[in-house]
Amino acid sequence: MYVTVLVLGATGWWLLLGREGSPSALARATGVSDADLHTVTGWVLAALVAVGAVAGARGWRTFWRESVRFRRGDGAWFWRWPAAVLTGRFGRHEGRFDPGQRVANLVLVATLLALVVTGVGLAIVSGGPAFVWLVRVHRWSTYALTPVVVGHVIIAAGVLPGYRGVWRAMHLGGRLRTTDAQRVWPGWTERQERRRRR
């Protein structure tokens, strides 16, 4: 799914910046215009979202439960976060997701859903006031989503010292060194270790 989001982000920003008449590297590589590539990839994302919503219903419940649960101490975690991305000394939290992940999860889901719904609307509606509103919501959702995706990519790339090793969990099906898990997700790691000992 994240490949479709990256393609949509690249082609969407290319078009938003008024470059439609000048093919991007993706358009040249595929032989498809940026507008058509954006539209086709948008339909692929819409299909993936629909299948994921049905096939992953149980996982979605856990995801939502863990993402909307904010706890005492989350503010302190955010206070320490800027230094922690460099030092690895994150504040303690008890959730499966750290407080930053929880905010990112909610922004990602809300904006991706808004983009999918408005994208489908833009493909169906050809003009009028509805089209104008769909364009506005689509554009503002893009503005909200872009910094979260960029931050996610930076963390996933492992270039921030505090997040070294976390890319394994993102790209290798959740596999992660225990020391990295203890550093970034201390409460969750302790619960997992207690369950294994039983």
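Quick caveat, the model's predicted, so the values are computed rather than measured. Excluded from the calculations below are hydrogen atoms, water molecules and symmetry mates; all remaining heavy atoms, backbone and side chain alike, are included.
Linking Ile, Leu, Val, Met, Phe, Trp and Tyr whenever their side-chain heavy atoms come within less than 4.5 Å leaves Val137 and Val132 in two separate clusters. When hydrophobic clusters are built by joining Ile, Leu, Val, Met, Phe, Trp and Tyr residues whose side-chain heavy atoms come closer than 4.5 Å, directly or via intermediates, Leu15 is not grouped with Leu37. There is a path of hydrophobic side-chain contacts, each under 4.5 Å, that joins Phe63 to Val166. Residue Leu6 is grouped with residue Ile154 when hydrophobic side chains (ILVMFWY) are merged at heavy-atom distances under 4.5 angstrom, including chains of intermediate members. When the side chains of ILVMFWY residues are joined at heavy-atom separations under 4.5 Å, either directly or via intervening members, Leu115 and Val44 end up in a single hydrophobic cluster.
Between atom OG1 of residue Thr118 and atom CG of residue Leu134 there is a gap of 6.5 Å, rounded to the nearest 0.5 Å. With rounding to the nearest 0.5 Å, the separation of CG in Leu48 from CG in Leu112 is 11.5 Å. Annotation: the span from His138 atom NE2 to Phe131 atom CZ amounts to 10.0 Å, rounded to 0.5 Å. Note that OG1 of Thr11 and CG of Asp36 are 10.5 Å apart. Values are rounded to the nearest 0.5 Å. In this structure, CZ on Arg92 lies 13.5 Å from CG on Asp98, to the nearest 0.5 angstrom. In this structure, OG1 on Thr178 lies 12.0 Å from CZ on Arg183, to the nearest 0.5 angstrom.
Between Tyr163 and Asp180, the closest side-chain pair of non-hydrogen atoms is not below 4.5 Å. Residues Arg80 and Arg89 have side chains in contact (heavy-atom distance under 4.5 Å, counting atoms from C-beta outward). Residues Trp185 and Arg191 are not in side-chain contact: their nearest non-hydrogen atoms beyond the backbone lie 4.5 Å or more apart. When side chains are defined from C-beta on, Gln182 does not count as touching Arg177, because their heavy atoms never get closer than 4.5 Å. Residues Val116 and Leu45 are in side-chain contact: their nearest non-hydrogen atoms beyond the backbone lie under 4.5 Å apart. Residues Val109 and Trp60 meet the side-chain proximity criterion, which asks for heavy atoms closer than 4.5 Å. When side chains are defined from C-beta on, Leu106 counts as touching Val68, because their heavy atoms get closer than 4.5 Å. Here the side chains of Ser22 and Trp14 are in contact, with some heavy-atom distance below 4.5 Å.
Pairing each heavy atom of Ala27 with each of Ser33, the nearest pair is CB-C, 4.2 Å. The two atoms that bring Val120 and Ala46 nearest to each other are CG2-CB, 4.4 Å, heavy atoms only. Residues Pro99 and Trp77 share a closest heavy-atom pair of CD-CD2, 3.6 Å. Nearest heavy atom pair, residue Val148 against residue Ala144, reads CG2-O, 3.8 Å. Minimum heavy-atom separation, Thr41 to Val7: OG1-CG1, 3.6 Å. Closest non-hydrogen pair, Ala123 versus Trp43, comes out as CB-CZ2, 3.7 Å.
Counting only distance, with no hydrogens or angles, the side chain of His93 and the backbone of Val184 share a donor-acceptor pair below 3.5 Å.
Taking the centre of each ring, Phe90 and Phe78 stay at or above the 6.0 Å mark.
Within a 6.0 Å sphere centred on CH2 of Trp81, other residues, nucleotides and ligands contribute 12 heavy atoms or fewer. Surrounding CH2 of Trp64 are more than 12 heavy atoms belonging to other residues, nucleotides or ligands, all under 6.0 Å away.
Between Glu94 and Arg96, none of the side-chain N atoms (NZ, or NE/NH1/NH2) sits under 4.0 Å from a carboxylate O, so this pair counts as no salt bridge. Under a 4.0 Å N-O distance rule, the pair Asp74/Arg71 does not qualify as a salt bridge.
Relative ring orientation between Tyr143 and Trp13 is described as tilted, the plane-to-plane angle lying within the 30° to 60° band.
With hydrogens and angles left out, the side-chain atoms of Ser24 and Asp34 include a donor and acceptor closer than 3.5 Å.
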